[in-house]
Number of protein chains: 2
Amino acid sequence: MEKAPRQMLDRATWIKSATAMLADSGPEGVRVELLAKRLAVTKGSFYWHFKDRQDLLTEVLQFWKEGRIRDIIKQTQASPGREREQILHVLDVYAANRNRKGIPIELAVRDWARRDLQVAGVVAEVDATRFNQTRRLFLACGLDEAESAARSTLVYAYVFGISLLTPETLGTDAEACRRQIAELITRDLE
Amino acid sequence: MEKAPRQMLDRATWIKSATAMLADSGPEGVRVELLAKRLAVTKGSFYWHFKDRQDLLTEVLQFWKEGRIRDIIKQTQASPGREREQILHVLDVYAANRNRKGIPIELAVRDWARRDLQVAGVVAEVDATRFNQTRRLFLACGLDEAESAARSTLVYAYVFGISLLTPETLGTDAEACRRQIAELITRDLE
DNA sequence: TCGATTCAATACCCTGGCGTATGGAAAAAG
DNA sequence: CTTTTTCCATACGCCAGGGTATTGAATCGA
């Protein structure tokens, strides 16, 4: 009936560390030996917990997917009548400096998806969930189907696009710029 | 005083092929031996034309930068009074299916920039040029400084973001969606 | 106490890929 | 017709990194 000493390393630990490595080195950058060194063990440990490198990557992807879906559902919960605020909240959370560490992961996964069909499928699932959740909010604000779809698309294109742009490009008044864009996207909403 | 037979392979040929390889395999994916095989020669040739792999990558980046700057200047030329059309033209060129092969390169370079300061610097230059050129157009349409900066930012965030989203997410009426977004971005312009 | 199980270390093998050194053919220069 | 220069092939050294096999040391269950 203990919990600390035994189970020194479990799959979850490897997965989290691998996710960090994915974020700043891309999928090709997650090397099992480097990972082992970072966790202060050797390959021997890794190949006990995982079948092979692909096994780890698959888990990383799954881990990411579940986290993203949980997050978007949480961020788009709105009490009736406050849908507009909720959209602004989403823009705030994803486009601003919050969620700092999420951005590199998001970008790495999306780049990964360009070269791996399985990954592309998962990203598509996440995108669909985000798109639908946000579209619901626009619909609740009185926009028609087409307009809701368009703005929802714009929300995510903007959010991911902004994280792709180099920081200096945004200039010093990034905050003001952000607010103005949010205003434009949520125009004519009740 | 001849030009055809001699100089079977020049640097430009290697650079173009490497750019293609960069587009669909990332910077780590451009291998000199693979590249040589693709050009039906061996490494021996490569190391005659280039000092090393880094030399090639540097040239690829430079090649990309010059092309992008030339392109954005061309796309943002507007005769006085037709600036709004020109903005719509930019949105059309970059967000639609045209310029198909440019998108993977753009994404690969941007991902590359996340892990290489030199690359990040070049991307920043390109971004700045694009940003300023488009901002000029908005200013000419009567928008103030802040609004012009915001919309110019939105244009590129949208353009790059849309290429990051999975195609299926956009649904079947992508064209209508595109038009609606373009309408929103160019609202209140004279 | 004593196997059985869990987790990790060590020692290998093998491949891919960078860079170098050297050789060779073909064209250009003389 | 030589000689030099240009361009590419061949062969090699080297290292990083994936995967396997084996050993070893704890811990658990009995």
Side-chain angles (χ1 to χ4, degrees), chain A residues 1-63 108 111-112 115-116 118-119, chain B residues 1-63 108 111-112 115-116 118-119:
Chain A
M1 200 185 282
E2 70 292 339
K3 48 186 67 167
R6 210 61 226 270
Q7 196 82 350
M8 329 191 54
L9 247 55
D10 52 357
R11 284 173 70 99
T13 305
W14 287 96
I15 292 169
K16 285 181 186 175
S17 193
T19 301
M21 196 172 261
L22 168 69
D24 53 51
S25 307
E28 287 81 19
V30 14
R31 317 273 191 204
V32 332
E33 291 182 323
L34 254 170
L35 213 51
K37 183 171 291 182
R38 184 171 301 188
L39 295 178
V41 291
T42 63
K43 291 197 298 186
S45 174
F46 177 85
Y47 285 98
W48 193 88
H49 291 284
F50 297 87
K51 179 180 173 296
D52 53 21
R53 186 170 163 277
Q54 184 54 50
D55 185 17
L56 171 66
L57 289 176
T58 303
E59 290 294 305
V60 167
L61 185 62
Q62 198 63 22
F63 180 75
D111 199 68
W112 187 11
R115 300 191 263 285
D116 189 307
Q118 176 130 15
V119 179
Chain B
M1 202 182 284
E2 70 294 338
K3 50 186 67 168
R6 210 60 225 267
Q7 197 82 350
M8 330 190 54
L9 246 56
D10 52 358
R11 285 174 69 99
T13 305
W14 287 95
I15 292 169
K16 285 182 185 173
S17 193
T19 300
M21 196 172 260
L22 168 69
D24 53 50
S25 307
E28 286 81 20
V30 14
R31 316 275 191 206
V32 333
E33 292 182 317
L34 253 171
L35 213 51
K37 183 171 288 182
R38 184 169 301 189
L39 294 177
V41 290
T42 64
K43 291 197 302 185
S45 173
F46 177 85
Y47 285 98
W48 193 89
H49 291 285
F50 296 88
K51 177 181 174 295
D52 53 21
R53 186 170 163 277
Q54 184 54 51
D55 185 18
L56 170 67
L57 289 176
T58 303
E59 291 293 306
V60 166
L61 185 62
Q62 198 62 24
F63 180 75
D111 199 69
W112 187 12
R115 300 191 265 285
D116 189 307
Q118 176 130 14
V119 179

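Protein chains get the first letters and strands the later ones, always in sequence-line order, with residue 1 at the start of each.
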- Message: Could you tell me how far apart B/W48 (CH2) and C/dG24 (P) are, to the nearest whole angstrom?
- Response: 20 Å
- Flag side-chain contact, heavy atom, 4.5 Å: B/H49 against B/E59: no
- Message: In this structure, how many angstroms lie between the C1' atom of C/dC18 and the CZ atom of B/R31, rounded?
- Response: 10 Å
- Message: Take a 6.0 Å sphere around CD of A/Q118 and say whether it holds more than 12 heavy atoms from other residues, nucleotides or ligands.
- Response: no
- Among A/T19, A/V60, A/L56, which residue meets the side-chain contact (heavy atoms from CB on, under 4.5 Å) test with A/V30? A/L56
- Task: Supply the atom-to-atom distance A/L61 CG to A/Q54 CD, rounded to the nearest 0.5 angstrom.
- Result: 9.5 Å
- Message: Can you measure B/R53 atom CZ to D/dA16 atom P for me and round it to whole angstrom units?
- Response: 16 Å
- Message: Quick check for you: to the nearest 0.5 Å, what is the distance between A/F50 atom CZ and A/L35 atom CG?
- Response: 8.5 Å
- Interatomic distance, A/F46 CZ vs C/dT6 P [rounded to whole Å]: 19 Å
- Task: Identify the two heavy atoms, one from B/R53 and one from B/P27, that lie closest to each other, and give their separation to 0.1 Å.
- Result: NH2-O, 3.0 Å
- Message: Between P on C/dG17 and CG on B/D52, what's the gap in Å once rounded to a whole number?
- Response: 17 Å
- Give the intermediate values and the outcome of side-chain hydrogen bond (donor to acceptor under 3.5 Å, both in side chains) for residues B/D55 and B/T58. CA-CA 5 Å; B/D55 185 18; B/T58 303; 5.6 Å; no
- Give me the residues of residues 34-41 of chain B where at least one heavy atom lies under 4.0 Å from an atom of DNA chain C, by number, or none. none
What's touching nucleotides 10-15 of chain D from the protein side, N or O pairs under 3.5 Å?
none

- Item | Note, A/F46 side chain near A/E33 side chain (heavy atom, < 4.5 Å) | no
- Message: Looking at C/dT6, I'd like to know if its phosphate oxygens (OP1 or OP2) sit under 4.0 Å from a side-chain N or O belonging to A/H49.
- Response: no
- Task: Find the distance A/D10:CG to C/dT6:P and express it as a whole number of Å.
- Result: 15 Å
- What's the CE-C1' distance between A/M21 and D/dG17, to the nearest Å? 12 Å
- Item | Nearest-Å distance for atom pair CD/P, residues A/E28 and C/dG16 | 16 Å
- Task: Supply the atom-to-atom distance A/W112 CH2 to A/L57 CG, rounded to the nearest 0.5 angstrom.
- Result: 4.5 Å
